[in-house]
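Quick note: numbers below take in every heavy atom, side chains included, and nothing from hydrogens, waters or symmetry partners.
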There are 2 protein chains.
Amino acid sequence: MIKTELFNQQDQELALMAKALAHPARIAILDFLAQSSCCISGDISNEIPLSRTTVSQHLTELKKMGFIQGTVEGVKINYCLDNEKLKEIKLAFEQFFEKLLSKPNPTCEV
Amino acid sequence: MIKTELFNQQDQELALMAKALAHPARIAILDFLAQSSCCISGDISNEIPLSRTTVSQHLTELKKMGFIQGTVEGVKINYCLDNEKLKEIKLAFEQFFEKLLSKPNPTCEV
DNA sequence: GTTTTATGACGCAAACATACGACATTATTG
DNA sequence: CAATAATGTCGTATGTTTGCGTCATAAAAC
């Protein structure tokens, strides 16, 4: 019943990136990682009003799409933004919107 | 079980915009509307490999988030991009990514 | 005024996402 | 090596999205 494979590769990828941002918790996590000058581990869970388990899942999701990286440091894990990848993602969105806006508004009125 | 209301307004709004883009069909619809020099009605269904009903739902979703407008013209409906609103959305994403990238990559290595 | 055409609304089933507690794992601490 | 701490994984409940067929509606064509 899922039909995403019917669409072209580029559309699918942009949709996946958008999906990764499609939850306020994940936006908040990215915000928090950007603000903490160095990358923090499970302190993220304390900043997000969700259970540790749920936050862990959101982190996994963000990692899967390349927004963040995790570095094991003993028992702890340091998560941080992947700035290079973020630049790519930013560019993908920008180019998409540029494409949409490259034509003047059509005359929709009858 | 839904906990979005626990997050701040801005995060919620960005998440909703991202959600609207989180399906390849909706990306494809926006692409198509951008390419057709004037706005087209149900021809969109013919361009998207999904049933007319499903496309209609995706259109409703895009309209709800302000990406597109629909103008009734007799039996037909002309859909078109809302360029003004698109500019706002584009800006919101840009500012979000700027914020994330405003700090140098933290030193994640041990 | 009946038929056709273009659409949206409704309802349902299958797939996915979200949220969480309980368990497993692994590194440190004592 | 036992206890503790920091995490991830699994299973499960519930909520949401996707996709579609059928029906309703309303303009246009006959």
Side-chain angles (χ1 to χ4, degrees), chain A residues 1-7 11-12 15-29 33 36 38-65 67-80 108 110, chain B residues 1-7 11-12 15-29 33 36 38-65 67-80 108 110:
Chain A
M1 211 176 194
I2 187 82
K3 300 234 167 165
T4 50
E5 75 285 346
L6 294 176
F7 298 92
D11 288 355
Q12 287 184 47
L16 283 175
M17 293 179 208
K19 208 175 202 169
L21 296 176
H23 194 292
R26 292 195 288 269
I27 303 275
I29 289 171
L33 285 176
S36 46
C38 190
C39 43
I40 314 282
S41 72
D43 301 298
I44 301 165
S45 309
N46 298 324
E47 293 294 321
I48 305 285
L50 293 172
S51 81
R52 192 188 58 72
T53 320
T54 306
V55 171
S56 179
Q57 276 178 183
H58 284 307
L59 286 168
T60 303
E61 201 65 28
L62 287 170
K63 201 157 72 176
K64 199 169 73 188
M65 287 312 297
F67 286 73
I68 63 176
Q69 291 176 319
T71 318
V72 178
E73 194 179 327
V75 191
K76 305 195 180 183
I77 294 180
N78 275 356
Y79 281 103
C80 61
C108 263
V110 184
Chain B
M1 208 180 194
I2 186 82
K3 300 232 166 162
T4 50
E5 76 284 347
L6 294 175
F7 299 92
D11 287 357
Q12 287 185 47
L16 283 175
M17 292 180 210
K19 209 175 200 171
L21 295 177
H23 194 293
R26 293 194 289 268
I27 303 276
I29 289 171
L33 286 176
S36 46
C38 190
C39 44
I40 314 283
S41 71
D43 300 297
I44 301 165
S45 308
N46 299 323
E47 293 293 322
I48 305 285
L50 293 172
S51 81
R52 191 189 59 72
T53 320
T54 306
V55 171
S56 178
Q57 275 178 185
H58 285 305
L59 286 168
T60 303
E61 201 65 29
L62 287 170
K63 199 156 74 175
K64 198 168 74 189
M65 287 312 297
F67 286 72
I68 63 175
Q69 291 176 319
T71 319
V72 178
E73 193 181 326
V75 191
K76 304 194 179 182
I77 295 181
N78 275 354
Y79 280 104
C80 61
C108 262
V110 182

Reported CG-to-CD distance for the pair L6(A) and Q12(A), which is rounded to 0.5 angstrom: 8.5 Å
Contact summary for L33(B) and Y79(B), nearest pair of heavy atoms: CD2-O, 3.5 Å
Estimated bend of the helix from dG1(C)-dC30(D) to dG30(C)-dC1(D) (axis per five terminal pairs, rounded to 10 degrees): 10°
Nearest-Å distance for atom pair CG/P, residues L59(B) and dT7(C): 10 Å
Taking distance alone, no hydrogens or angles, what donor-acceptor pairs closer than 3.5 Å link side-chain atoms of residues 55-63 of chain A to residues at least two apart or in another chain?
unit_1 : atom_1 : unit_2 : atom_2 : d
H58(A) : ND1    : R26(A) : NH1    : 3.0
T60(A) : OG1    : S56(A) : O      : 2.9
E61(A) : OE2    : K64(A) : NZ     : 3.4

From I27(A) atom CD1 to M17(B) atom CE, the distance as rounded to the nearest 0.5 Å: 9.5 Å
Nearest-0.5 Å distance that lies between atom NE2 in H23(A) and atom CG in L50(A): 7.0 Å
Contact state string [nucleotides 22-30 of chain C, B base, S sugar-phosphate only, - no protein heavy atom under 4.0 Å]: B----BS--
Rounded distance (Å) that lies between atom C1' of dA14(C) and atom CG of L50(B): 15 Å
Value in whole Å for how far the P atom of dT18(D) lies from CD of Q12(A): 14 Å
Atom pair distance, as rounded to whole Å: CD1 in I29(B) and P in dG19(D): 10 Å
Any H58(B) side-chain N or O less than 4.0 Å from OP1/OP2 of dT17(D): no
Atom-to-atom span, NZ of K64(A) to P of dA17(C) - whole angstrom: 7 Å
Which residues share a side-chain hydrogen bond (donor to acceptor under 3.5 Å, both in side chains) with S45(B), sequence neighbours left out: none
Interatomic distance, E47(B) atom CD to I29(B) atom CD1 [nearest 0.5 angstrom]: 11.0 Å
Interatomic spacing from CD1 in I77(A) to OG1 in T71(A) - rounded to 0.5 Å: 9.0 Å
Under-4.0 Å side-chain N/O to phosphate OP1/OP2 contact, S56(B) with dT7(C): no
Value in whole Å for how far the C1' atom of dA27(D) lies from NZ of K76(B): 12 Å
Set of residues satisfying side-chain hydrogen bond (donor to acceptor under 3.5 Å, both in side chains) with respect to T53(A), sequence neighbours excluded: none
Approximate separation, where rounding is to 0.5 Å, of T4(A) OG1 and L16(A) CG: 7.5 Å
Nearest-nucleotide comparison on DNA chain D, the residue closer to the 5′ end among T4(A) and G42(A): G42(A)
Contact under 4.0 Å: T54(B) side-chain N or O vs dC20(D) OP1/OP2: yes
Side-chain-base donor-acceptor pair under 3.5 Å for Q57(B) and dG19(D): yes
Nearest-angstrom distance from the residue atom CG of D43(B) to P of dT5(C): 15 Å
Atom pair distance, as rounded to whole Å: CG in L62(B) and P in dT18(D): 10 Å
Proximity to DNA chain D (any heavy atom under 4.0 Å), residues of residues 17-26 of chain A only: none
Any Y79(A) side-chain N or O less than 4.0 Å from OP1/OP2 of dA6(D): no
